[in-house]
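Below is one structure; the comments refer to it alone.
Bear in mind that the values here come from a model prediction, so they are computed numbers and not experimental data.
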Amino acid sequence: NQAIEELGYRVRGECLENGGTPGRFYYSKDIANKRTHKLHICQIGHTEILSKLFFVKYLNEHRSTAIEYAQIKTNLSKRYNYGKEIGKYLSGKTEFIYNE
């Protein structure tokens, strides 16, 4: 955590109270009170690594879906007060992911 903090990231832990995934740790970086970076880190062999990587690969190969997903995330972020209602934001995002 210290090395990541030195890069300007805030350590957020597993965020289990907000729908986080056990064993996956979250970090964020804001500039002028605006989120600019987000990291999710887990150990090699974590049960969700492959599904996350395959989803990113899918988005990289399907530009129209990536654009739609980005728009949904933007709308959810605005609707749920830019992360202050993170559980609702995550639910909306998850609904798109698993329906796609």
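Between I4 and L39 the shortest heavy-atom distance is CG2-CD1, 4.4 Å. The two atoms that bring R35 and D30 nearest to each other are NE-OD1, 2.8 Å, heavy atoms only.
Distance check: S64 OG to L59 CG gives 10.0 Å after rounding to the nearest 0.5 Å. The distance from atom NZ of K34 to atom CD1 of I31, rounded to the nearest 0.5 Å, is 11.5 Å. Rounding to the nearest 0.5 Å places CG of L76 at 9.0 Å from CD of E95. Separating the OH atom in Y89 from the CG atom in N75 is a distance of 10.5 Å, to the nearest 0.5 Å. Of the inter-residue distances, the one linking K38 atom NZ with R12 atom CZ reads 8.5 Å to the nearest 0.5 angstrom.
For the side chain to side chain donor-acceptor pair (under 3.5 Å) test, residues two or more places apart in sequence or in another chain that qualify with Y26 are R24. The side chain to side chain donor-acceptor pair (under 3.5 Å) search around K57 returns E61, not counting sequence neighbours.
For F55 and Y69, the ring centers are positioned less than 6.0 Å apart.
A distance-only check finds no donor-acceptor pair linking the side chain of S77 to the backbone of K73 [under 3.5 Å]. At least one donor-acceptor pair under 3.5 Å links the side chain of H46 to the backbone N or O of E48. At distances below 3.5 Å, not a single donor-acceptor pair connects side-chain atoms of K88 with backbone N or O atoms of R79.
More than 12 non-hydrogen atoms from other residues, nucleotides or ligands lie less than 6.0 angstrom from NZ of K93.
Linking ILVMFWY side-chain heavy atoms closer than 4.5 Å, directly or via other members, places L7 and Y27 in a single hydrophobic cluster. Both Y98 and L90 are assigned to one and the same hydrophobic cluster, defined by single-linkage of ILVMFWY side chains at heavy-atom distances under 4.5 Å.
No side-chain heavy atom of F25 sits less than 4.5 Å from a side-chain heavy atom of V11.
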- Item | K78 and T74: CA distance, side-chain angles, deciding distance, side chain to side chain contact (heavy atoms under 4.5 Å, CB included) verdict | CA-CA 6 Å; K78 290 176 185 175; T74 297; 3.8 Å; yes
